[in-house]
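Step one of this worksheet: look at the structure below.
Source: prediction; values computed, not measured. Every number for a ligand or one of its atoms is a count from 1 in the order of the listing.
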Amino acid sequence: MKPAIEADNGRNVTLVSTAVNLLGLDRAGLVDYFAALGEKPFRASQVMQWIHQKGVAEFQRMTSLSQALRDRLEQCAVVHAPEIVVDAQSEDGTRKWVLRLDDGNHIEAVYIPEDDRGTLCVSSQVGCALDCSFCSTGRQGFNRNLSTAEIIAQVWLASRLVEEETRPGREVTNVVLMGMGEPLLNFDNVVSAVRIMMDDFAYGLSKRRVTISTAGVVPAIDRLGDLLDMRLAVSLHAPNDGLRNSLVPLNNKYPLRELMASCRRFIEKQNTRSRITFEYVMLDGINDSEQHARELIRLVKGMPVLMNLIPFNPFECSGYRTSPERHVYRFGSILAEAGITTVVRRTRGEDIDAACGQLVGKVADRSRRHRRFEQPRFGMRL
Ligand code: SAH
């Protein structure tokens, strides 16, 4: 195969003798690319449709392009996705793919089918730099950001594989950036990938069907609100700074007062003023008391929020236990009585290690964090 270079943020394309991976270019990036080839801007939408809607990777099959252009693209471009090395199916229908990146790192993507939708959970980084104390991805340390092509490739591959299933109605209707990594620390590549997800010539997902989940990178929440109209989920997990500092170390940098203010600004900027989702992992005896629930009510007072209670998914040596169901429901009903829309997230795909916080891939850790733990868990079953 031709050596491929990837545009660093889906836009900045330099034509060099090596091939450009068109999978990672959003529409503006493709328009620039075709302009550099002396082609008209509409080629961008045509090629986007071939790649993302028809799933075609070979330029000779893109029959609405002139033969000359097809030949030229064959010389200077590729449509290249990481290789799928594991395709695991859970008893509950959840499907997990392990993808091998060109540099040998592995990442994971998870498809969660429900009656009325199919949600794809996408990774944004190789590992994660944040080190939240209850998350197994964080334990592995961090290697690097994913390129736009590597992020959108997860949607590209999953869309085709899911449609190949015999059962009707199987498709990717929603994307959540809740896989490995902190999406807002890979801002430009994530924004370009989201633009491709929402582009009518690609996946055409509406703003209510694409969610970025963040541990609370305050300046990036502000930038995101300026650029995109989409759903935001914030991993809250604690109602006060003392507790949150210990669970989500990023809180030391962006404490709750600043985080909540940025969430309010985000809501103001959205056309629909839609709700922010707060994720709250339920840890037995840590953050799940009645007192915590009441503190949480005071924290989000007056904000349009959806509270998502996530039963903790245990992993080896985590040091935490899942809150008993009755505590989760007690906690949820206190919030609900205060008028806060609250849902308990159903755990899916546990048997294939595909549940929240269980995605580990295989990360060549550069942060050396995994050494802190006696048994580093590269728990992926290859
Ligand atoms: N870095 C982003 C997105 C990745 S994690 C973020 O922090 O939001 C997606 C969600 O799963 C987050 O809310 C995260 O806190 C939660 N999570 C992580 N580990 C978990 C575990 N072991 N059990 C349940 N939820 C977990």
With a 4.0 Å heavy-atom cut-off (strictly under), which part of [X] contacts ligand 1: side chain, backbone, both or neither?
{"X": "H237", "answer": "side chain"}
{"X": "E279", "answer": "side chain"}
{"X": "L130", "answer": "neither"}
{"X": "I310", "answer": "side chain"}

Taking 4.0 angstrom as the limit and counting only heavy atoms of [X], give me the atoms of ligand 1 inside it, by number and element.
{"X": "G179", "result": "4 (C)"}
{"X": "C135", "result": "18 (C), 19 (N)"}
{"X": "M178", "result": "4 (C), 5 (S), 9 (C)"}
{"X": "F134", "result": "15 (O), 17 (N), 18 (C), 19 (N), 20 (C), 21 (C), 22 (N)"}
{"X": "A215", "result": "6 (C), 7 (O), 8 (O)"}

>> Strictly by side chain to side chain donor-acceptor pair (under 3.5 Å), give each pair with a member in residues 294-312 just once, sequence neighbours left out.
In response: N240-E295
> Is the shortest distance from a Lys or Arg side-chain nitrogen in D188 or R223 to a carboxylate oxygen in the other one below 4.0 Å?
Replying inline: yes
For [Y] together with [X], are the ring centres under 6.0 Å from each other?
{"X": "H237", "Y": "F278", "value": "no"}
{"X": "F34", "Y": "F42", "value": "no"}
{"X": "H52", "Y": "Y203", "value": "yes"}

>> With a 4.0 Å cut-off on heavy atoms, is C128 in contact with ligand 1?
In response: no
>> When you measure from the heavy atoms of G181 to every atom of ligand 1, does any distance fall below 4.0 Å?
In response: yes
>> Restricting to non-hydrogen atoms, name the atom on A81 and the atom on A153 that form the minimum distance, rounded to 0.1 Å.
In response: CB-CB, 4.0 Å
> Which heavy atom in M180 sits nearest to a heavy atom in E108, and how many Å separate them?
Replying inline: SD-N, 3.6 Å
> Would you say ligand 1 has an N or O under 3.5 Å from any N or O of S136?
Replying inline: no
>> Donor-acceptor pair, distance only, cut-off 3.5 Å: does the side chain of N189 make one with the backbone of L146?
In response: yes
